[in-house]
A.B. asks: 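Take this structure, written in structure tokens, and hold onto it; I'll ask about it next.
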Amino acid sequence: AGSALDSHHQHSQMVALLSEALGLLNNCPPDEKKVETLARFFWEWLESNSCSCLVLPVVTAGCRTLASPAHMARMVECGIEVFLNSGLEENVQSGWDQVLAAVEIPELAQQDFLSECLQHGCFLTLYAYVLQRLPMCQLPKEEMLLADQLLSWTAAAKPRADNEAKLLLWWWQVLRICLQQVDRNQPYKDVFCALMNLTSSLTTLGEDKSAAGLLGALGLGKRSPLSHRFRLVCRGLSTYLLAQARSVSFLRLRPGDPHGVGQVMSAPLPGNWTTAEGPSPKAVQSLTNLEALQTNKQYSTLKSHIQYIYSFTLDPLHTLRDAPALLAHLSKVLFQEQNYLSLLQAHGTYSR
């Protein structure tokens, strides 16, 4: 007990000291360049001192001190990422618990802060916000609202190659919330709509070229700034979800459930087959497109992963409950350098 008190006292002292230092950002003259330069100094210091015991106190100090929601968002994001990628914590859950204890989102400026996080790509901070809110939910509907929030952010996010992998945490949490809704006998319609919203965003993020506007419609859209491995995750997860979520009234939840996409792809269709008896045409087309990636030169280095997703999706024993495990596997083999994704790998499988 004494050790815990000493640790808490030490943390409080460091937060107080760092708050004074960060206060310089609030007291700077209204010169954007000078403020930005000073802010960048703090971010660069964090990145170069990943093993410092000051990393998490900086997060708390930033939340308590910084007047600018934009500076606060970027400071918190930098601190969380540095801490989780530093390898300080062998226990992944313990690491996230410490992060959640350090993040103190101000209630009065909460919406401004969340908006700045989304605008500046502070996706880990937004994930921390959701993790803090989840235990406060008393009804399944309240948890679903958090899933809807993650889906809304996914649709609006503008990820870059250097922060794209963080979105996998959001999607993993959406999948877990959806499966919990099913196990609590909530309406399939709400879960189906959430999954279709997710697949819609995944399809957009997985495009090699933007399909927006006239040029996009002509196939002349801008090249995606996102990595091929990230685009493969998007396409693979979208395909898998389309194969498992058949309609508002039917989700594949048990091994061997009907409407599996494998029955269409692995055997000729019977003459009397109708779309009502098997997977949706959208699921079949998505799987066909995924298979075609194996001959796409841009994805040549990812061929084994494409084959894995394809086989995983075809297996009639795999269901919607296996979606978190698929996402966890892809995060491990495609983004193994990102320690913050260890949470998926530690709790990848879903259990009731």
Side-chain angles (χ1 to χ4, degrees), residues 80-81 84 92 96 114 117-118 121-131 133-134 143-161 163-182 190-207 224 226-245 251 283 286 290 305 308-309 312-313 318-336 338-350:
I80 294 176
E81 184 168 2
L84 293 177
V92 179
W96 269 103
L114 297 179
C117 284
L118 186 60
C122 302
F123 304 145
L124 292 178
T125 306
L126 290 173
Y127 185 62
Y129 165 79
V130 170
L131 291 185
R133 303 293 297 183
L134 268 175
E143 292 183 357
M144 202 62 189
L145 288 175
L146 287 177
D148 289 340
Q149 179 69 81
L150 287 169
L151 291 171
S152 176
W153 287 338
T154 296
K158 303 294 181 186
R160 309 177 303 272
N163 67 3
E164 60 188 12
K166 298 174 183 179
L167 296 185
L168 273 63
L169 289 165
W170 292 6
W171 307 337
W172 180 73
Q173 193 63 60
V174 168
L175 293 175
R176 288 178 64 84
I177 291 175
C178 284
L179 289 170
Q180 288 168 354
Q181 297 291 306
V182 169
D190 295 341
V191 173
F192 178 80
C193 289
L195 294 175
M196 290 305 100
N197 285 339
L198 178 55
T199 60
S200 177
S201 293
L202 290 172
T203 299
T204 300
L205 291 168
E207 292 172 344
S224 171
L226 306 173
S227 69
H228 287 91
R229 58 179 178 170
F230 177 77
R231 280 179 260 167
L232 177 58
V233 172
C234 293
R235 294 185 183 202
L237 182 59
S238 175
T239 298
Y240 189 78
L241 294 178
L242 287 170
Q244 307 306 328
L251 305 174
S286 185
L290 180 69
H305 304 303
Y308 179 88
I309 299 169
F312 194 94
T313 306
H318 288 151
T319 70
L320 186 59
R321 297 185 185 281
D322 296 299
L326 174 62
L327 186 55
H329 171 80
L330 295 177
S331 74
K332 183 177 183 179
V333 297
L334 296 175
F335 293 97
Q336 53 188 311
Q338 302 295 1
N339 286 355
Y340 54 73
L341 292 178
S342 298
L343 185 67
L344 276 68
Q345 295 143 30
H347 305 285
T349 57
Y350 173 79

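Just so you know, residue 1 is the first one in the sequence shown, and it goes up from there.
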A.B. asks: What residues form a side chain to side chain donor-acceptor pair (under 3.5 Å) with Gln173, not counting sequence neighbours?
C.D. replies: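 If we apply the side chain to side chain donor-acceptor pair (under 3.5 Å) test to Gln173, skipping adjacent residues, the hits are Tyr127.
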
A.B. asks: Does the pair Ile309 and Leu330 meet the rule for a side chain to side chain contact (heavy atoms under 4.5 Å, CB included), with working shown?
C.D. replies: CA-CA 9 Å; Ile309 299 169; Leu330 295 177; 3.9 Å; yes

A.B. asks: Got a sec, which residues hit salt bridge (Lys or Arg N to Asp or Glu O under 4.0 Å) with Glu81, two or more places apart in sequence or on another chain?
C.D. replies: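 For Glu81, the residues satisfying salt bridge (Lys or Arg N to Asp or Glu O under 4.0 Å) (neighbours in sequence not counted) are Lys166.
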
A.B. asks: Got Met144 and Cys178 here, is their nearest side-chain heavy-atom distance under 4.5 Å?
C.D. replies: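 When only atoms from C-beta onward are counted, Cys178 and Met144 do touch, with a gap below 4.5 Å.
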
A.B. asks: With the side chain counted from C-beta on, respond yes when Pro159 and Leu226 share a heavy-atom pair under 4.5 Å apart, and no when they do not.
C.D. replies: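 In contact.
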
A.B. asks: Is there a side-chain contact between Asn339 and Leu84 (heavy atoms, below 4.5 Å)?
C.D. replies: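 No, too far: nothing below the 4.5 Å cut-off.
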
A.B. asks: Before giving the answer on ring-ring contact (aromatic ring centres under 6.0 Å, His included), spell out for His329 and Phe312 the whole-Å C-alpha distance, their side-chain angles and the decisive distance to 0.1 Å.
C.D. replies: CA-CA 11 Å; His329 171 80; Phe312 194 94; 7.9 Å; no

A.B. asks: Look up atom CG in Leu242 and atom CG in Leu237, then write down how far apart they are to the nearest 0.5 Å.
C.D. replies: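 Those atoms lie 9.5 Å apart.
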
A.B. asks: Is there a side-chain contact between Trp153 and Leu167, using heavy atoms and a 4.5 Å cut-off?
C.D. replies: no

A.B. asks: Which value, rounded to the nearest 0.5 Å, describes the distance between Thr125 atom OG1 and Leu114 atom CG?
C.D. replies: 10.0 Å

A.B. asks: Among all residues two or more places apart in sequence or in another chain, which pass the ring-ring contact (aromatic ring centres under 6.0 Å, His included) test with Trp171?
C.D. replies: Phe230

A.B. asks: Using the ring-ring contact (aromatic ring centres under 6.0 Å, His included) criterion, which residues pair with His228? Sequence neighbours excluded.
C.D. replies: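 ring-ring contact (aromatic ring centres under 6.0 Å, His included) check on His228 returns Tyr299.
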
A.B. asks: I need the Leu205 CG to Arg231 CZ distance, nearest 0.5 Å.
C.D. replies: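 So the CG of Leu205 and the CZ of Arg231 are separated by 11.0 Å.
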
A.B. asks: Decide yes or no for Thr313 and His318: does some side-chain heavy atom of the first lie under 4.5 Å from some side-chain heavy atom of the second?
C.D. replies: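 They are not in side-chain contact.
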
A.B. asks: Taking atom OG1 of Thr203 and atom CG of Leu198, what is their separation to the nearest 0.5 Å?
C.D. replies: 9.0 Å

A.B. asks: What do the steps show when you test Trp170 against Leu126 for side chain to side chain contact (heavy atoms under 4.5 Å, CB included), and what is the final call?
C.D. replies: CA-CA 9 Å; Trp170 292 6; Leu126 290 173; 3.7 Å; yes

A.B. asks: Apply side chain to side chain contact (heavy atoms under 4.5 Å, CB included) to residues Leu343 and Trp172 and explain how you reach the verdict.
C.D. replies: CA-CA 10 Å; Leu343 185 67; Trp172 180 73; 4.0 Å; yes

A.B. asks: Nearest 0.5 Å, what's the CG-CD distance between Leu134 and Gln180?
C.D. replies: 8.0 Å

A.B. asks: Answer whether the closest heavy-atom distance between the side chains of Leu334 and Ser227 falls below 4.5 Å.
C.D. replies: no

A.B. asks: Restricting to non-hydrogen atoms, name the atom on Leu151 and the atom on Ala194 that form the minimum distance, rounded to 0.1 Å.
C.D. replies: CD1-O, 3.5 Å

A.B. asks: List in chain and number order the residues that pass side-chain contact (heavy atoms from CB on, under 4.5 Å) with Ser331, two or more places apart in sequence or in another chain; answer none if no residue qualifies.
C.D. replies: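 Expected list: Leu168, Leu341, Leu344, Gln345.
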
A.B. asks: For Ala165 versus Tyr340, what's the shortest heavy-atom pair and its separation?
C.D. replies: CB-OH, 3.5 Å

A.B. asks: Between Val191 and Gln181, which heavy-atom pair has the shortest distance, and what is it?
C.D. replies: CG2-CB, 3.7 Å

A.B. asks: For Tyr240 and Asp322, run side chain to side chain contact (heavy atoms under 4.5 Å, CB included): C-alpha distance rounded to whole Å, both residues' side-chain angles, the deciding distance at 0.1 Å, then the answer.
C.D. replies: CA-CA 10 Å; Tyr240 189 78; Asp322 296 299; 3.4 Å; yes

A.B. asks: Can you give me the closest heavy-atom contact between Thr239 and Ser286, atom names plus distance?
C.D. replies: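 So the two residues come closest at OG1-OG, 2.6 Å.
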
A.B. asks: For residues Leu251 and Thr319, determine if any side-chain heavy atom of one lies less than 4.5 Å from a side-chain heavy atom of the other.
C.D. replies: no

A.B. asks: Which value, rounded to the nearest 0.5 Å, describes the distance between Arg229 atom CZ and Cys234 atom SG?
C.D. replies: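 Interatomic distance, Arg229 CZ to Cys234 SG, rounded to 0.5 Å: 12.5 Å.
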
A.B. asks: For Thr199, check side chain to side chain donor-acceptor pair (under 3.5 Å) against everything at least two apart and list the hits.
C.D. replies: none

A.B. asks: Do Val174 and Thr154 have side chains that get closer than 4.5 Å, going by heavy atoms?
C.D. replies: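 Val174 vs Thr154: side chains apart.
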
